[in-house]
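For the numbers below, each heavy atom of this structure counts, side chains included, while hydrogens, waters and symmetry mates do not.
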Amino acid sequence: MSKILLPADSALLQDDFIFGVATAAFQIEGAAAEREPCIWDTFCAQPGRIKDGSNGQIACDHINRWRADLELIASLGVDAYRFSVSWGRIIRADGSINQQGLAFYCQLLDELKARNIKAFVTLYHWDLPQYLQDRGGWLNRDTAYYFARYAEVVSQAFADRVYSYATLNEPFCSAYLGYEAGIHAPGIQNRQQGRQVAHHLLLAHGLAMPILRHNCPGALHGIVLNFSPCYPATTAVADIEAAKLADQYHNQWYLQPLLEGCYPDLSAQLSEAEWPQVLPGDLEIIAQPLDFLGVNYYTRTVFSARSDGWFSDVKPTKPPLTDMGWEIYPQGLTEILLQLSQRYTLPPLYITENGAATVDIWQDGVVHDPERLAYYQQHLLATDSAIRAGVNVRGYFAWSLLDNFEWAEGYAKRFGIVYVDYPSQQRTLKASGQALQALWQARRK
Ligand code: IFM
């Protein structure tokens with residue numbers, strides 16, 4: 001298989017469906033000396049935190065190579081480019097604005113506009129400035145207000161260049177992986193803190209939304225959440241209940257306050273001390289109307305019951321698995337989209353991330369990545385199935401444009417549709433990228 005094929009009547013082939021590629025600042029930008037250090041710089045400097053001992057100092061050197069990267073994006077035939085802004089490139093530790101940092105993104109936005117590529121901007125993709133972490137980070141309620149100011153500065157400067165703003169990317173990862181599992185920056189393991197951080201992140205979102213709307217009335221404003229549908233390991237009642245609980249804890253905890261202004265009822269699981277401190281009015285701030293919800297999907301998760309009333313995830317062992325060890329489960333994408341649409345009154349959805357780290361095989365100057373290609377084929381069909389079943393999906397973004405810094409995994413795991421040779425920084429479109437390019441270019445004709 002070298003092509004991606006969709007049914008001729010697929011909504012994905014319609015003119016108004018948006019296809020794009022996605023990246024995030026810390027994962028590609030490099031040029032760390034030109035911005036404030038962030039929590040991921042600190043985390044990378046701690047021995048044992050990142051599998052290959054690497055960091056984001058150079059990454060894909062995108063800050064210096066952005067023009068060539070933009071040509072590459074344009075050559076793909078995409079409708080949109082989703083990227084994140086580095087907070088520490090915009091606001092300095094003393095509160096002053098880094099005009100050079102702002103100018104970088106403004107230039108990028110101007111060039112995207114000149115090529116008729118819609119800009120999907122994410123304000124926060126996990127790279128909290130270290131100076132804010134030193135004041136308590138997301139555990140400090142003030143960080144939500146600092147975020148609102150950052151949103152104000154960015155949205156005033158970017159003005160009408162942006163098609164869509166997402167306040168946060170995957171608050172689950174910042175809160176749960178960073179403060180409960182401890183495998184992401186800042187590397188803490190504390191349930192109460194994880195829940196509190198999640199609340200402050202959602203508060204930050206809610207505070208920023210009216211600012212974004214005011215400064216950019218013509219843009220679409222929303223948030224990006226990651227979803228992994230939760231399945232029971234067996235048909236035992238305890239496992240079924242464990243999967244439901246995991247869904248409440250990992251998925252609904254982030255979505256329900258946004259859409260319904262309340263947290264899932266986990267009062268049987270969370271002690272009063274573990275419950276976040278929620279001030280009067282917070283949930284009203286959080287439950288702002290959304291123009292869209294970004295859905296990031298990679299895999300499903302299987303859970304079994306624990307004797308203490310909690311759940312454990314069962315690591316997949318049977319192929320097909322990606323290089324991350326994640327099960328390839330395309331029907332999970334259709335299912336989560338259907339589950340969410342049945343459970344909530346949703347705004348329009350975008351699949352803001354989907355993709356796979358797989359093995360790349362170099363042969364005669366060509367990068368063959370048949371597993372990634374098959375992954376895209378299957379997940380595009382899964383998106384198509386959800387739309388046919390009535391789900392309002394308006395766009396799809398491949399994660400990622402480039403191989404990049406995969407957080408705690410370092411550079412060993414490659415998610416790109418473009419291969420990056422890090423020593424030379426040379427970019428090579430992989431076979432999966434060529435197949436997506438053919439699909440996207442054909443739509444543009
Ligand atoms: O690389 C990450 C990205 O930063 C957020 N979503 C998941 C991707 C793959 O792990």
Side-chain angles (χ1 to χ4, degrees), residues 170-173 175-177 179-183 189 191-192 194-195 198-199 202 225-272 274-276 293 295-322 324-346 349 351 354 356 375 378-379 381-383 385-386 388-391 393:
E170 303 181 351
F172 161 88
C173 295
Y176 181 79
L177 298 182
Y179 280 84
E180 291 195 49
I183 57 174
Q189 288 179 305
R191 175 169 293 139
Q192 195 285 328
R195 296 292 115 180
H199 180 66
L202 293 173
L225 303 184
N226 56 307
F227 292 96
S228 185
C230 302
Y231 292 77
T234 70
T235 52
V237 174
D239 287 344
I240 294 172
E241 290 306 315
K244 281 189 196 154
L245 177 60
D247 178 53
Q248 298 288 303
Y249 198 77
H250 289 320
N251 294 322
Q252 311 310 328
W253 187 267
Y254 300 89
L255 185 56
Q256 199 172 338
L258 290 164
L259 297 179
E260 295 180 344
C262 59
Y263 284 106
D265 181 10
L266 293 178
S267 46
Q269 276 73 34
L270 292 176
S271 68
E272 219 165 288
E274 287 169 332
W275 200 264
L293 172 67
V295 172
N296 292 355
Y297 175 82
Y298 290 91
T299 188
R300 70 164 173 170
T301 316
V302 174
F303 291 94
S304 62
R306 257 173 33 183
S307 54
D308 62 359
W310 284 93
F311 47 81
S312 351
D313 54 323
V314 181
K315 295 270 168 274
T317 49
K318 278 197 231 125
L321 305 178
T322 70
M324 299 288 282
W326 297 347
E327 184 183 359
I328 299 178
Y329 196 75
Q331 58 271 51
L333 175 55
T334 315
E335 283 168 20
I336 191 73
L337 292 172
L338 286 170
Q339 278 172 24
L340 295 177
S341 321
Q342 282 154 11
R343 164 76 181 73
Y344 296 102
T345 304
L346 290 175
L349 303 180
I351 310 300
N354 180 235
Y375 184 99
Q378 292 163 352
H379 287 77
L381 287 176
T383 307
S385 299
R388 281 175 203 274
V391 184
V393 183

Less than 3.5 Å apart, which donor and acceptor atoms pair up between the side chains of residues 236-246 and the rest of the protein, not counting sequence neighbours?
residue	atom	partner	partner atom	Å
D239	OD1	A305	N	2.7
D239	OD2	T234	OG1	2.5
E241	OE2	K244	NZ	3.4

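Counting heavy atoms from C-beta on, the side chains of P171 and L225 come closer than 4.5 Å. A heavy-atom distance below 4.5 Å is not found between the side chains of P232 and V302. Using a 4.5 Å cut-off on side-chain heavy atoms (C-beta onward), P316 and V314 make no contact. With a 4.5 Å cut-off on side-chain heavy atoms, L321 and I328 do not count as touching. Residues T322 and Y298 fail the side-chain proximity criterion, which asks for heavy atoms closer than 4.5 Å.
Rounding to the nearest 0.5 Å gives a distance of 8.0 Å between OH of Y176 and CD1 of I183. Distance check, rounded to the nearest 0.5 Å: OH of Y179 to SG of C173 gives 14.0 Å. Taking OG of S385 as the start and CD of E335 as the end, the distance is 10.5 Å to the nearest 0.5 Å. With rounding to the nearest 0.5 angstrom, the OH atom of Y297 is 8.0 Å from the CG atom of N354.
For H250 and F311, the distance between ring centers is under 6.0 angstrom.
By the side-chain hydrogen bond (donor to acceptor under 3.5 Å, both in side chains) test, D247 pairs with N251, Q252, sequence neighbours left out. With sequence neighbours excluded, the residues forming a side chain to side chain contact (heavy atoms under 4.5 Å, CB included) with L270 are R191, R195, Y249, W253, L266, E274, W275, W310, listed by chain and number. Applying the side-chain hydrogen bond (donor to acceptor under 3.5 Å, both in side chains) rule to S267 yields the partners D265; only residues at least two apart in sequence or on another chain are considered. Every side-chain hydrogen bond (donor to acceptor under 3.5 Å, both in side chains) that N296 has, sequence neighbours left out, goes to N169, E170, T352, E353.
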Please walk me through it: do F172 and L177 pass side chain to side chain contact (heavy atoms under 4.5 Å, CB included)? CA-CA 7 Å; F172 161 88; L177 298 182; 4.1 Å; yes
Does H199 form a side chain to side chain contact (heavy atoms under 4.5 Å, CB included) with Y263? I'd like the steps, not just the answer. CA-CA 10 Å; H199 180 66; Y263 284 106; 2.7 Å; yes
Starting from the C-alpha separation in whole Å, work towards a yes-or-no answer on side chain to side chain contact (heavy atoms under 4.5 Å, CB included) for I351 and L333. CA-CA 10 Å; I351 310 300; L333 175 55; 4.1 Å; yes
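T334 places a side-chain N or O within 3.5 Å of a backbone atom of A382 that can act as its donor or acceptor partner. Formation of a donor-acceptor pair under 3.5 Å by the T299 side chain with backbone atoms of W326 is not found in this model.
For the salt bridge (Lys or Arg N to Asp or Glu O under 4.0 Å) condition, the pairs that include at least one residue of residues 300-317, sequence neighbours left out, are R300-E327, R306-D308, D313-K315.
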